[in-house]
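Have a look at the structure below before the remarks.
Everything quoted here is computed from the prediction, not taken from an experiment. Numbering of ligands and ligand atoms starts at 1, following listing order.
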Amino acid sequence: MNIILLGAPGAGKGTQAETLVKDFNLKHISTGDILREEVKKGSPVGLEAKEYMDKGLLVPDEVVIKLVAGAISGFGSRQGFLLDGFPRNENQAKMLEEKLCLVNRSINRVIYLKVSKEVVISRLSGRRICKDCGAVYHLKNIPPKKEGICDKCSGVLYQREDDSEKTVLNRLEVYKKETGGLINYYKDKNLLSEVDGDLAQEGTYALMLKEINNNCE
Ligand code: ADP
Ligand code: ZN
């Protein structure tokens, strides 16, 4: 089973992805995580990507599609995958189809996490991430047991640079302009499941499971 998670920044893609990949034994491919990893390494791709990410802009399509194609070719064809944060515009969606076609694979379902603007802004401003293992927390909704410290690995929690208020507003604009159109794109292909992403984590997850069970064998 191959799934795309679609939704605005702060819709909860990363959080839901974590549970979904465990329950269905999927490979988690998050372009945001891959790009942040490249930035951390200081690779040429990372250096180029950082310029865009800090401004809340999309990294050029050619750069991300290469990373995604690399990730997909890195595991056996019987293993399903979950795309999180990709595709982000129609061009990326088409490039993805071409790449998948070449390896005889396809997308089974696109889950669109629909959230309100207020929820998104509160989630992003309160989001904290573990420097060591990448676990995601929220100051109010998912607080760590000990302030500023990861429950899982005792790593230090930090705020993503692009979660600052100004960049968040930019990311939402970019989402509306570039990514919003993918909702109809996948609706037209009869692949889209719309799910309420404003609920608490478990509530949204239950709705996602229902959609998957109803639409994928
Ligand atoms: P969010 O979805 O919450 O904005 P991500 O971690 O998915 O966070 O992405 C962070 C940043 O990484 C984006 O603002 C963008 O600059 C870059 N990025 C991630 N995925 C893509 C993509 N598919 N295409 C272009 N840029 C991307
Ligand atoms: Zn950690």
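- Counting only protein N, O or S atoms closer than 2.8 Å to the Zn ion (ligand 2) gives 4.
- Heavy atoms from other residues, nucleotides or ligands lying under 6.0 Å from CG of N214 number more than 12.
- Ligand 1 is surrounded by P9, G10, K13, T31, G32, L35, R36, M53, L57, L58, V59, V64, G85, F86, R88, Q92, R127, R160, D162, R171, each with at least one heavy atom closer than 4.0 Å.
- A salt bridge does not link R36 to E161: none of the charged side-chain nitrogens sits closer than 4.0 Å to a carboxylate oxygen.
- Across all non-hydrogen atoms, the minimal contact from A8 to L172 is CB-CD2, 4.4 Å.
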Table please: side-chain donor-acceptor pairs of residues 67-74 below 3.5 Å, with sequence neighbours left out.
residue : atom : partner : partner atom : Å
S73     : OG   : A69     : O            : 3.3
S73     : OG   : G70     : O            : 3.0

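- A cation-pi arrangement is not found for K177 relative to Y175, the charged atom failing to lie both closer than 6.0 Å to the ring centre and inside a 45° cone about the ring normal.
- Using a cut-off of 4.0 Å between Lys/Arg side-chain N and Asp/Glu carboxylate O, K94 and E90 are scored as salt-bridged.
- Listed by first then second residue, pairs satisfying salt bridge (charged side-chain N to carboxylate O under 4.0 Å, His left out) with a partner in residues 128-144 number zero, not counting sequence neighbours.
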Verdict with reasoning, K152 to E18, per salt bridge (Lys or Arg N to Asp or Glu O under 4.0 Å): CA-CA 14 Å; K152 293 176 187 151; E18 232 181 279; 3.4 Å; yes

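- Side-chain contact, Q159 with D163: no donor N or O sits under 3.5 Å from an acceptor N or O.
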